[in-house]
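Single-structure report; data block below.
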Amino acid sequence: MNIQEIIAKKRDKQELTKEEINFFITEYTNNNIADYQASALIMAIYLNGMSKEETVNLTTAMATSGDILDLSEIGTVVDKHSTGGVGDKVTLILAPIIASLGVPVAKMSGRGLGYTGGTIDKLESIPGYKTNISEEEFIQNVKKIGISLIGQTMNLAPADKKIYALRDATSTTESIPLIASSIMSKKIAAGANKIVLDVTYGSGAFMKTKERAKELANEMIEIGRLAGRETVAVITPMEEPLGKNVGNNLEVIEAVEALKGNIAEDVKNVVLELGSNMLKLAGKGNDLEDNKSKMMDNILNGKALEKFKELVANQGGDVTYIKDTNKFEKAKYILPVTLEEQNGIVKELKAEEVGKLSVFLGGGRIRKEDKIDPSVGITLIKKIGDKIEKGDTVAYIHANDEEKGKEAVQRLKEIYVIE
Ligand code: URA
């Protein structure tokens with residue numbers, strides 16, 4: 001068996017055997033297949049797709065490319081994962097709420113992918129926060145304080161870590177078999193027995209229509225079933241960015257505000273929808289509306305924010321940044337975006353375009369080795385449905401390069417469609 005033959009087979013739209021998929025994953029994880037060969041195969045999968053059986057085999061091979069954690073001693077552990085979005089700071093808000101309600105959360109998150117942001121990049125913008133702790137420490141943290149959020153730096157689904165970075169740099173993200181195997185391999189390896197998936201659709205999501213999102217959700221639910229992990233999917237819109245900010249520091253600050261009760265309506269809806277299902281899966285109540293009230297209670301009584309601080313401190317982060325979010329580094333240039341032309345209502349604010357703008361400012365990666373700039377991003381004052389009067393400031397661009405900042409202002413003016 002060799003990689004050229006496997007690439008040619010997928011290029012020619014043939015189905016790969018379990019042995020061929022295992023060969024690719026094992027050899028690529030062990031650095032015996034070059035990035036350019038893996039990229040060619042990933043592109044062939046992106047273009048020609050995979051059967052259900054191939055996707056299940058790919059997921060299993062990726063999940064077993066490293067260790068599989070056994071969290072059974074902790075009890076019912078619920079995990080959550082999103083298929084990606086722009087301005088999606090949901091995990092930072094949801095995970096501490098759920099942990100504050102006594103349900104252990106052990107979650108392995110990802111980095112930014114394409115024009116979408118990643119929870120790990122956001123957490124790393126908190127000075128000192130360690131996302132690459134050992135497996136033992138991960139389990140100990142969940143036992144000790146009921147929550148740990150980590151990156152893919154341990155030996156958990158290492159194949160996904162490599163393929164994820166390649167996909168980001170080769171525009172091969174929007175593929176059902178690649179997304180399903182990426183997410184489910186991580187979830188299986190990280191050991192949670194129950195999984196809630198946020199499957200997004202719309203401009204800022206990898207699935208552009210609700211139908212495609214349902215297809216992806218069904219594929220992941222089936223993989224979860226075969227792996228013995230009860231999986232529930234919630235389908236959520238991602239036409240415009242979620243919440244008010246896009247960019248790493250800005251989103252952490254928005255998440256802290258949300259945990260204090262100042263939560264944007266769209267963010268609140270997603271957090272409550274996912275969280276009420278997580279509580280149900282954990283056996284904490286079958287009534288989703290009741291579960292939502294319990295979640296709101298723990299925002300309003302401060303317990304969720306306390307849990308977030310505990311999480312940050314426990315993973316080496318400087319908790320004074322959470323106590324006083326003014327400490328987060330600000331971009332050098334904060335430029336208002338003003339629409340002079342017309343009065344009206346915001347009709348469109350394409351999340352994908354806003355996400356690309358954030359990457360352009362340095363908030364995401366173009367090449368997989370790129371360092372991201374945590375302080376840049378976009379604050380959206382006006383969103384779809386909001387009324388605009390001539391001369392209103394609709395947004396702010398946060399930039400560290402003045403020229404890029406000015407260009408971003410112009411680009412954002414065009415992204416706003418006013419009716
Ligand atoms: N999140 C992941 O972990 N993988 C994907 O492919 C997309 C979103």
Side-chain angles (χ1 to χ4, degrees), residues 25 38-39 41-43 45-46 49-50 54-56 58-59 61-63 65-66 79-92 94-95 106-123 131 149-154 156-192 195-208 212-213 215-217 219-221 223-224 227 229 231 233-236 238 242 270 274 351-352 355 359 364-365 368:
I25 293 299
S39 301
L41 180 58
I42 295 294
M43 182 58 87
I45 295 172
Y46 176 91
M50 275 188 146
E54 282 178 298
T55 308
V56 169
L58 180 62
T59 311
M62 284 163 70
S65 63
D79 200 348
K80 167 264 166 190
H81 207 90
S82 160
T83 59
V86 177
D88 186 345
K89 64 279 297 171
V90 167
T91 294
L92 300 177
L94 175 60
K107 175 162 167 50
M108 179 163 56
S109 289
R111 295 194 177 277
L113 187 63
Y115 45 83
T116 67
T119 301
I120 290 308
D121 294 331
K122 290 168 205 177
L123 284 170
T131 56
L149 301 182
I150 55 161
Q152 247 178 304
T153 27
M154 303 186 301
L156 295 178
D160 176 59
K161 188 174 177 220
K162 292 189 75 176
I163 294 173
Y164 193 88
L166 266 195
R167 287 169 57 216
D168 188 23
T170 56
S171 293
T172 45
T173 47
E174 295 99 335
S175 147
I176 288 184
L178 294 176
I179 296 174
S181 57
S182 164
I183 291 180
M184 294 308 285
S185 64
K186 280 197 282 280
K187 300 296 98 180
I188 293 167
I195 301 162
V196 174
L197 299 170
D198 180 9
V199 184
T200 52
Y201 72 93
S203 153
F206 296 133
M207 299 295 107
K208 298 299 176 202
R212 289 276 291 163
E215 225 181 288
L216 173 60
E219 195 108 347
M220 291 194 286
I221 290 169
I223 295 172
R229 317 288 172 105
T231 304
V234 176
I235 313 273
T236 60
M238 181 62 70
L242 198 61
V270 179
L274 295 171
E352 179 173 353
V359 174
R365 295 177 188 78
K368 66 180 175 141

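In listed order, ligands and their atoms are each counted from 1.
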Minimal heavy-atom distance between Val359 and Arg365, with the atoms involved, is CG1-O, 4.0 Å

Quick look: Thr173 vs ligand 1, heavy-atom contacts under 4.0 Å, and the answer is neither

Between Lys187 and the options Ile195, Thr231, Ile223, the side chain to side chain contact (heavy atoms under 4.5 Å, CB included) test singles out Ile195

Which of Met207, Glu174, Glu219 passes side chain to side chain contact (heavy atoms under 4.5 Å, CB included) with Ile179? Answer is Met207

shortest atom 5 (C) of ligand 1-to-protein heavy-atom contact is with Ser182 OG, 3.5 Å

Closest to atom 7 (C) of ligand 1 among protein heavy atoms sits Leu113 CD2, 3.7 Å

message: I'd like to know if Asp79 and Arg229 make a salt bridge, using a cut-off of under 4.0 Å between side-chain N and carboxylate O.
response: no

Are any of the N or O atoms of His81 closer than 3.5 Å to those of ligand 1?
yes

In this structure, CG of Leu156 is separated from CE of Met108 (nearest 0.5 Å) by 4.5 Å

Near Ser82 (heavy-atom distance under 4.0 Å), the atoms of ligand 1 are 1 (N), 8 (C)

Residue, atom and distance of the protein heavy atom nearest atom 3 (O) of ligand 1 read Lys186 NZ, 2.6 Å

Tested for side chain to side chain donor-acceptor pair (under 3.5 Å) against Asp198, the lone hit among Thr83, Thr236, Thr91 is Thr236

- Query: Is it true that Ser109 lies under 4.0 Å from ligand 1, counting heavy atoms only?
  - Reply: no

Rounded to the nearest 0.5 angstrom, the CE-CD distance for Met238 and Glu352 is 12.5 Å

In this structure, atom 8 (C) of ligand 1 is nearest to the protein heavy atom Thr83 O, 3.5 Å

Tyr164 heavy atoms within 4.0 Å reach ligand 1 at atoms 2 (C), 3 (O), 4 (N), 5 (C)

